[in-house]
Amino acid sequence: NGRVTAIPTPTTELAGWRHAYSGKVRDLYVPAETPEGATPERMLVVASDRVSAFDHVLSPGIPGKGELLTTLSVWWFDRLAGADGGRSIPNHLAASHELTLGADGQANTPDDLKSLIPDAVAGRAMVVKSLDMLPIECVVRGYLTGSGWAEYRENGTVCGIALPDGLSNGDRLPEPIYTPAYKAPLGEHDENISYERTVELVGAERAAELRDLSLEIYARAAATTEAHGVILADTKFEFGIDDNGVLTLADEVLTSDSSRYWDAAAWATGTTPDERMASFDKQIVRDWLAANWPAPREGEPPALPADIVERTTARYRELLERLTAA
Ligand code: ATP
Ligand code: MG
């Protein structure tokens, strides 16, 4: 297991905020007046244009990606808060942070929060409640592909869950399955774990709540995307606990980084895996890296070529346009 590529510390100073942490894609800031080591009430989550695959941050970044991810996350938080007709799922957007998409397709931020978001990161930043994050990546798969397909081919299971015989890469599963992973500290690889292991990590009640909520969100989101001719093949959620003990949806949600999205028409008529899984997501980058930087992937990854960068931006943008179209 190689170490992940080092993450550059952001060089931009953001007035009113102090840089606290950088993940592979997002930079976290706390209010400048927060005492060192203290947990503030609110944080600023800034999505960068960085792209990671196989746990390595690649270069160059994907221009406009941070903004697309933020807009898409905010759109989904809003749907899941009830705009899709379902019950309201608590999310980490700060209380008065009812972001909605304006007619121009850009995220609108109420004025009081707008003033908190520095111009340098406008459009790709969210003011959020800081949560006690759970160390579990809540993965839901409705279709068989990626590491799930690899495991199924080996022994007929996905994360230990037995599946019917005879499935092919890209097939729809009889029903969506919950396949959690342990969220490894920065610099280590996430690892698939059993449901029982999540019980050990967070207790029986929280583990069941995580599973049920993840499956509920997936089902609602998949219904939404299908209405727009898009398949939500799989996705990953992160949750945290707020000050009142409420399980809260955090980080990014249902973005092209955290999900696999395919064109439904191509899937229905395609005959090869490539034709069936015409993706609106990071698979373009993963596939290129897999072909051009074989395992064990040591040292620095090769630079992404311009056409891969352009195609990724175009597909991320197309997804947003399709989903938000009336
Ligand atoms: P990846 O998402 O690629 O697996 P990562 O999670 O390490 O990697 P980022 O998503 O870039 O990288 O980092 C965002 C970090 O912020 C994560 O550690 C995430 O758990 C944390 N985070 C997100 N929302 C909140 C929140 N509301 N409160 C506290 N931490 C949060
Ligand atoms: Mg993350």
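Bear in mind the structure is a predicted one, so any value in this text is a computation, not a measurement. As the structure lists them, so they are numbered: ligands from 1, and atoms in each ligand from 1.
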Heavy atom of the protein closest to [atom] (residue, atom name, distance):
| atom | answer |
| --- | --- |
| atom 30 (N) of ligand 1 | M133 CG, 3.3 Å |
| atom 28 (N) of ligand 1 | L131 N, 3.0 Å |
| atom 13 (O) of ligand 1 | G23 CA, 3.6 Å |
| atom 20 (O) of ligand 1 | E238 OE1, 2.8 Å |
| atom 11 (O) of ligand 1 | R26 N, 2.5 Å |
| atom 23 (C) of ligand 1 | D251 OD1, 3.2 Å |

Against heavy atoms of [X], which atoms of ligand 1 measure under 4.0 Å?
| X | value |
| --- | --- |
| V128 | 27 (N) |
| S130 | 28 (N) |
| K236 | 1 (P), 2 (O), 4 (O) |
| V25 | 11 (O) |
| M43 | 26 (C), 28 (N), 29 (C), 30 (N) |

Pair [X], [Y]: side-chain N/O donor-acceptor within cut-off below 3.5 Å:
| X | Y | value |
| --- | --- | --- |
| D281 | Y316 | no |
| T179 | R141 | yes |
| E41 | S130 | no |
| D274 | T272 | no |

Is the charged tip of R211 near the ring of Y178: under 6.0 Å from the six-membered ring centre and within 45° of its axis?
->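 No; the conditions do not both hold, so R211 does not lie above the ring face of Y178.
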Could you tell me if any non-hydrogen atom of L28 lies under 4.0 Å from any atom of ligand 1?
->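 For ligand 1, residue contact (heavy atoms, under 4.0 Å) with L28 is present.
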Could you establish whether G240 and ligand 1 come within less than 4.0 Å of each other, counting only heavy atoms on the residue side?
->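 Flag not set, G240 not near ligand 1.
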Selection from M126, K129, K183, K24 by shortest heavy-atom distance to atom 6 (O) of ligand 1 |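 Looking at heavy atoms only, the winner is K183.
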Within the distance-only criterion (no hydrogens, no angle test), does the side chain of K129 pair as donor or acceptor with the backbone N or O of D242 below 3.5 angstrom?
-> no
Under the 3.5 angstrom rule, does the side chain of R124 hit a backbone N or O of V46 as a donor-acceptor pair?
-> no
May I ask you to check whether W293 and F54 place their ring centres under 6.0 Å from each other?
-> no
Where's the contact between H92 and ligand 1, heavy-atom distance under 4.0 Å: side chain, backbone, both or neither?
-> side chain
Counting heavy atoms under 4.0 Å, the part of R50 that contacts ligand 1 is neither
Over 60° means perpendicular and under 30° means parallel, so classify the ring planes of H92 and F77, tilted if in between.
-> tilted
Any pair with a residue in residues 13-50 that passes ring-ring contact (aromatic ring centres under 6.0 Å, His included), sequence neighbours left out, goes on the list, sorted by first then second residue, please.
->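 Listed by first then second residue: H19-Y29.
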Is it true that R220 and E216 have a side-chain N and a carboxylate O under 4.0 angstrom from each other?
->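 Yes, charged N to carboxylate O under 4.0 Å.
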N/O/S atom name from D251 that is nearest to the position of the Mg ion (ligand 2) =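 The atom in question is OD2.
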